[in-house]
Structure formats: structure tokens, C-alpha cells
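Below, chains carry the letters A, B, ... as their sequence lines are ordered, and counting in each starts from 1.
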Protein chains: 2
Amino acid sequence: MTSVNDASQTDHVARLLGEALRRVRQEILSTSEEHFPGLRVSHYRLLELIPPEGARITDLAEVALMTKQGLGQHVDYLQKLGYTTSDRLPEDRRVRLVRRTTTGDAAVAYSHAAIARIEQTWSTRLGPTRYATLRQTLQELGATP
Amino acid sequence: MTSVNDASQTDHVARLLGEALRRVRQEILSTSEEHFPGLRVSHYRLLELIPPEGARITDLAEVALMTKQGLGQHVDYLQKLGYTTSDRLPEDRRVRLVRRTTTGDAAVAYSHAAIARIEQTWSTRLGPTRYATLRQTLQELGATP
DNA sequence: TATTGTTATACTCTATAACTATA
DNA sequence: TATAGTTATAGAGTATAACAATA
């Protein structure tokens with residue numbers, strides 16, 4: 001059998017992807033608490049989805065592949081800690097427009113920097129060409145449904 | 001451009017890895033319940049760590065990067081559902097040796113088949129050479145500490 | 001009536017702390 | 001005293017169902 005069908009050593013792609021992702025999360029969390037108290041990886045993931053002009057909870061939930069209830073809980077938490085604000089829209093008072101605060105912006109920059117450090121490490125380790133290929137390939141897989 | 005950030009701003013490696021992993025998990029879960037009731041992705045991950053001769057909870061916890069308490073909970077659950085058995089070692093009655101049942105073996109085979117289907121899909125999509133390169137590269141990153 | 005968001009509740013995953021049994 | 005595992009408890013992440021306010 002080819003290596004594709006032989007997963008008996010548990011060296012399958014799920015493990016490989018999981019391990020890589022674990023390192024990224026670890027890098028984000030390593031100095032997170034001292035800079036942005038209360039933020040966890042799930043919050044960074046949400047914060048970076050918010051565009052400068054703000055977004056509705058329903059739309060954020062859709063992009064995040066979450067229910068709006070689940071997403072709403074995160075938004076409440078982030079707002080309480082000062083990473084986001086929200087206002088009802090005058091033209092449709094059902095809608096809450098969620099925006100990042102300056103601190104929220106800094107938090108996104110922080111997580112992007114952490115991810116960039118990992119990318120740098122991997123790029124150095126593999127050489128820029130091989131790393132670019134990895135990235136390109138993952139992107140292609142993500143783009144196809 | 002929608003009201004929410006488009007991919008270009010959040011197209012870092014964390015998102016790419018997360019999306020790929022999400023698909024693997026989805027493939028495992030798609031027909032899991034009908035074949036192996038009660039099993040979730042975390043259980044498949046644990047089951048495949050158990051060698052044929054069995055393993056101690058403490059050792060499994062170390063390999064799984066979990067606490068022995070957390071791991072013990074999963075083992076209790078798996079045993080109640082008939083996917084594992086366990087016996088105290090005669091030579092050290094503190095130790096519980098956990099083994100997979102035949103059904104547990106089948107569950108591991110099922111999850112490996114699901115992962116192999118994803119690998120096959122990706123291999124077809126990228127061509128076998130590019131997919132092999134992706135796999136090889138991820139493996140290399142996982143191997144280096 | 002349909003949609004936006006909230007409240008209430010529960011399940012899943014995993015952790016920390018304190019404990020029991022055995023060595 | 002040290003180690004293997006258990007019990008008790010809690011926090012984090014996310015879900016479903018029922019609801020309220022607004023359109």
C-alpha cells in the first residue's frame with residue numbers, strides 16, 4: 001500500500017496538521033497574558049475577522065462558522081475586557097455593529113506577529129522556497145470545496 | 001468585498017492549517033455515529049495511540065499530551081461503550097493496562113479510512129507528487145522541536 | 001411574519017487539586 | 001515516601017431551544 005493508504009503508524013495527515021497547529025497556538029499563548037489579559041486563541045481568531053468599519057454578529061458568526069449565540073458570548077466577553085465596542089445601528093436598531101477598539105487592533109497585530117514568527121521559523125528551517133510551496137499548497141486545498 | 005474581512009487579511013498559516021484540519025474532522029464525523037456510536041474525534045485520537053499489547057494510563061497521557069485525569073475520563077467512557085477493556089497488572093496492582101477491543105480496533109480502522117479518503121482527495125487534487133511533498137514537509141516540521 | 005440578537009441550558013474537552021491504593 | 005490512578009470541581013468552547021425586540 002502507498003503511504004496515502006497506510007496510516008497505521010498514526011503518522012497520518014491529521015496528526016501532522018494538528019501538531020503544526022498546536023505550535024502556532026502555543027506561540028500565540030506564550031506571551032499573550034502579559035500583553036492582552038483574558039485573551040485566548042479563540043478570541044484572537046474572532047478579533048481578526050472584524051473589519052475596520054465593524055460587522056454584525058450574524059455576519060461574524062457566518063464567517064467564523066459558529067452560531068450567533070456562541071459568537072455573541074465571545075463578543076460580550078471581548079467588550080467587557082475593552083477589546084471591542086458595539087452600537088445599535090440607527091437605521092435598524094436590531095443590529096449591533098461590533099468594532100475593535102485600539103487595544104483590539106493591537107491584539108490582532110500581536111497575534112499576527114506571533115504567527116509571523118512561526119512562519120519565519122519554518123521558512124528558515126525548510127528554506128524559503130519549500131516553505132512557500134507548503135503555504136501555496138495549503139491555500140489551494142483551502143480554496144477548493 | 002463583503003462587510004466582513006476577506007481572506008487576504010487573515011490568510012496566515014494558522015487559518016490554512018485550521019481549515020485543513022476541520023475537513024479531516026468533518027470526514028471522520030460524517031458517518032461516525034452510525035458505525036461507532038458515541039465516538040468523537042478526541043476518542044479516535046486516543047484509541048489509535050493504544051498499542052496491541054495495551055498501555056498504561058500514565059503513558060497514554062504523556063503521548064497524548066494530556067493529564068492522566070483527563071485521559072482517564074476518556075478511558076472510562078470508551079470502556080463503558082465497549083471500545084476498550086482494562087485489567088490491573090498482577091505484578092503492580094496500581095497499574096491499569098488499557099487495551100482495545102475488537103470494536104475498538106474497527107473504530108481505529110474506520111478513522112484511518114476516513115483520513116485516507118481525505119488524503120486521496122487531496123492527492124488527486126494536487127497530483128501525487130505535490131501531495132507527497134506537502135506531507136513530507138509537514139512531517140519534517142513536526143520532527144524538529 | 002421574518003430577522004437580529006439574547007437568555008437559558010447543556011454537552012464536550014481538558015485542566016487543577018485533593019484523594020486512595022499500592023509499591 | 002513515591003507512584004498509578006480516581007474523585008471532585010471548574011473553566012473554555014460551542015451548541016440547541018426558546019425568547020424579545022425590531023423591521
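In this structure, Val63(B) is a member of the same hydrophobic cluster as Leu21(A), with clusters built from ILVMFWY side-chain heavy atoms closer than 4.5 Å.
Positionally, the nearest nucleotide of DNA chain C for Leu97(A) lies more toward the 5' end than for the other of Leu97(A) and His43(B). Mapping Arg25(A) and Lys68(A) onto DNA chain D by nearest heavy atom places Arg25(A) at the nucleotide closer to the 5' end.
For Thr58(A) and dG5(C), the shortest distance from a side-chain N or O to OP1 or OP2 is below 4.0 Å. Note on His74(A): every side-chain N or O is 4.0 Å or more away from OP1 and OP2 of dG13(D). At least one side-chain nitrogen or oxygen of Arg45(B) sits closer than 4.0 Å to the OP1 or OP2 atom of dT14(C). Residue Arg93(B) has no polar side-chain atom (N or O) positioned under 4.0 Å from OP1 or OP2 of dA21(C). Close to dA21(D), at under 4.0 Å from its OP1 or OP2, lies no side-chain N or O of Arg88(A).
Within the nucleic acid shown, Leu65(A) comes within 4.0 Å of sugar-phosphate atoms alone, with no base atom in reach, counting heavy atoms only. Heavy atoms of Thr67(A) sit under 4.0 angstrom from at least one base atom.
To the nearest angstrom, C1' of dT6(C) lies 14 Å from CD of Gln79(A). Between Leu60(A) atom CG and dT4(C) atom P there is a gap of 13 Å when expressed in whole angstrom units. Following rounding to the nearest Å, Gln73(A) (CD) and dT9(C) (P) show an atom-to-atom distance of 13 Å. As a whole-Å value, the separation of Glu33(B) CD from dT12(C) P is 10 Å. Here the P atom of nucleotide dT12(C) and the CG atom of Leu71(B) are 17 Å apart, to the nearest Å. To the nearest angstrom, C1' of dT12(C) lies 15 Å from CG of Leu46(B). Distance CD (Gln69(A)) to P (dA20(D)): 15 Å, rounded to an integer number of Å. Taking atom CD of Glu91(B) as the reference point, atom C1' of dA23(C) lies 12 Å away to the nearest angstrom.
For dT3(C), the base has a donor-acceptor partner in the side chain of Arg94(A) [N/O atoms by modelled type, under 3.5 angstrom].
Contact of the Tyr77(A) side chain with the Tyr83(A) side chain is not registered, since no non-hydrogen atoms from C-beta on lie closer than 4.5 Å.
Contact detail for Glu119(A) and Arg135(A): the closest heavy-atom pair is OE1-NE, 2.8 Å.
Checking each of Leu97(A), Val98(A), Val95(A) against Ile57(A) for a side-chain contact (heavy atoms from CB on, under 4.5 Å) leaves exactly one that passes, namely Val98(A).
No hydrogens or angles considered: a donor-acceptor pair under 3.5 Å links the side chains of Tyr44(B) and Ser32(B).
Of the candidates dC13(C), dA15(C), dT4(C), dT4(C) carries the atom nearest the Arg56(A) side chain, counting heavy atoms from C-beta on.
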